[in-house]
**Student:** 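Sharing a structure with you now.
Chain letters run A, B, ... following the sequence lines, proteins first, then strands; residues in each count from 1.
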2 protein chains.
Amino acid sequence: MDAEKKKRLAEKGWVSTSIQDFLGLAPDEMAYIELKLQLSRELRARRNEKGLTQAALAELIKSSQSRVAKMEKSDATVSVDLLVRSLFALDATVEDIAQALTTA
Amino acid sequence: MDAEKKKRLAEKGWVSTSIQDFLGLAPDEMAYIELKLQLSRELRARRNEKGLTQAALAELIKSSQSRVAKMEKSDATVSVDLLVRSLFALDATVEDIAQALTTA
DNA sequence: CGCAAATATGTCAAATTTGACATATTTCCT
DNA sequence: AGGAAATATGTCAAATTTGACATATTTGCG
């Protein structure tokens, strides 16, 4: 299994869990995946708190339900940009994002 | 002046300073720009701490000097992804990034 | 000053990310 | 169970971001 494949899987939660860890990934790749995971968790949490469906959030940010699903799954094709923009659209502040990053 | 133009200028520091504020930008656009500004400051700080030139950092992250310059200037064509990846390449942790975001 | 190293700016083809769409799967009611 | 709403997954053309390059400007040092 090559490194790219492994990263894609890792981002989808298949390889790495809290038990089986990010085996063989470089530290900066790990950090990048972890960051995206935290943001995607925060996104889902905020969306649910507001009682929005993925489709409703998609409309809010002028995207699509499928892309929102991918964001929340931390799909490898989703950028950090899109994640943070979506969080801001859900009224998160920069501080909220910093907080989300430090949360276990 | 349209909103896009204003945002580009704002990201380059022309419109918004600590004195003249982010006039007319939507809250989420402001937050996004602020986030990128914090990351670009942290990038420059870390690079200087390590005594690296922009060209040296560029080599480290397999990019180019000009793109590093744009990152540190928080150019509108630079993504948050590239910024955080570069920070990770300079041994920043997710916590370091969270910390940078909360710093004035 | 003079000049070399560093940084900044503009441009563009190639690479990546995007919204949209179709469709599959899961969740949660009655 | 069964069906409707929500979520997930795969694909792709269009849009955005990228590294690379040329070149301009700034910085710092003799």
**Student:** If you look at every strand shown and take non-hydrogen atoms under 4.0 Å, does A:Lys62 touch a base, only sugar-phosphate, or nothing?
**Tutor:** sugar-phosphate
**Student:** Take atom CD of A:Glu59 as the centre, draw a 6.0 Å sphere, and report whether it contains more than 12 heavy atoms from other residues, nucleotides or ligands.
**Tutor:** no
**Student:** Please report the interatomic distance CZ(A:Arg46) to CG(A:Leu57), rounded to the nearest 0.5 Å.
**Tutor:** 12.0 Å
**Student:** Would you say B:Arg44 reaches C:dA6's phosphate, i.e. side-chain N/O to OP1/OP2 under 4.0 Å?
**Tutor:** no
**Student:** Whole-Å distance between D:dT25 P and B:Lys73 NZ?
**Tutor:** 14 Å
**Student:** Does a nitrogen or oxygen in the side chain of B:Arg47 sit under 4.0 Å from OP1 or OP2 of C:dA6?
**Tutor:** no
**Student:** Are any of A:Arg67's side-chain N or O atoms less than 4.0 Å away from OP1 or OP2 of D:dT7?
**Tutor:** no
**Student:** Kindly compute the distance separating OG (B:Ser79) from CE (B:Met71), expressed to the nearest 0.5 Å.
**Tutor:** 8.5 Å
**Student:** Hey, does A:Ser64 reach any base, or is it just sugar-phosphate, or nothing, if we go heavy atoms under 4.0 Å?
**Tutor:** base
**Student:** Please name the pair of heavy atoms, one in A:Thr102 and one in B:Ala98, separated by the smallest distance, quoted to 0.1 Å.
**Tutor:** CG2-CB, 3.4 Å
**Student:** To the nearest Å, how far apart are A:Ile61 CD1 and C:dT18 P?
**Tutor:** 10 Å
**Student:** Within this structure, what is the CD-to-C1' distance between B:Glu59 and D:dG19, rounded to whole angstrom?
**Tutor:** 14 Å
**Student:** Among D:dA20, D:dT18, D:dT9, which nucleotide has an atom closest to any side-chain atom of B:Ser66?
**Tutor:** D:dA20
**Student:** What is the distance, to the nearest angstrom, from the CG atom on B:Asp75 to the P atom on C:dT9?
**Tutor:** 8 Å
**Student:** B:Val78 near the nucleic acid: base, sugar-phosphate alone, or nothing, with a heavy-atom cut-off under 4.0 Å?
**Tutor:** sugar-phosphate
**Student:** Taking atom P of D:dT25 as reference, at what distance in whole Å does atom CD of B:Gln54 sit?
**Tutor:** 17 Å
**Student:** Nearest whole Å is fine: how far is C:dA15 C1' from B:Asp81 CG?
**Tutor:** 14 Å
**Student:** Start at the 5' end of DNA chain C and walk down; is the nucleotide closest to B:Val68 or to A:Met71 reached first?
**Tutor:** B:Val68
**Student:** Once you round it to whole Å, what is the distance between P of C:dT16 and CG of B:Leu82?
**Tutor:** 13 Å
**Student:** Please work out if B:Thr53 contacts a base, only the sugar-phosphate, or nothing of the nucleic acid, heavy-atom cut-off 4.0 Å.
**Tutor:** sugar-phosphate
**Student:** How long is the straight-line distance from CG of A:Leu43 back to CG of A:Leu90, given to the nearest 0.5 Å?
**Tutor:** 6.0 Å
**Student:** Taking only N and O in the side chain of B:Ser63, is any of them less than 4.0 Å away from OP1 or OP2 of D:dG19?
**Tutor:** yes
**Student:** Quick one: is B:Gln65 getting a side-chain N or O under 4.0 Å of the D:dA20 phosphate, OP1 or OP2?
**Tutor:** no
**Student:** Both B:Asn48 and B:Lys70 contact DNA chain C. Taking the nearest nucleotide for each, which residue is further toward the 5' end?
**Tutor:** B:Asn48
**Student:** Whole angstrom is fine here: how far is it from CG in A:Leu83 over to C1' in C:dT18?
**Tutor:** 13 Å
**Student:** Would you mind reporting whether B:Val94 and B:Phe88 have side-chain heavy atoms less than 4.5 Å apart?
**Tutor:** yes
**Student:** Look at the side chain of B:Arg85 and decide which nucleotide, out of D:dT17, C:dT17, D:dA8, has an atom nearest to it.
**Tutor:** C:dT17
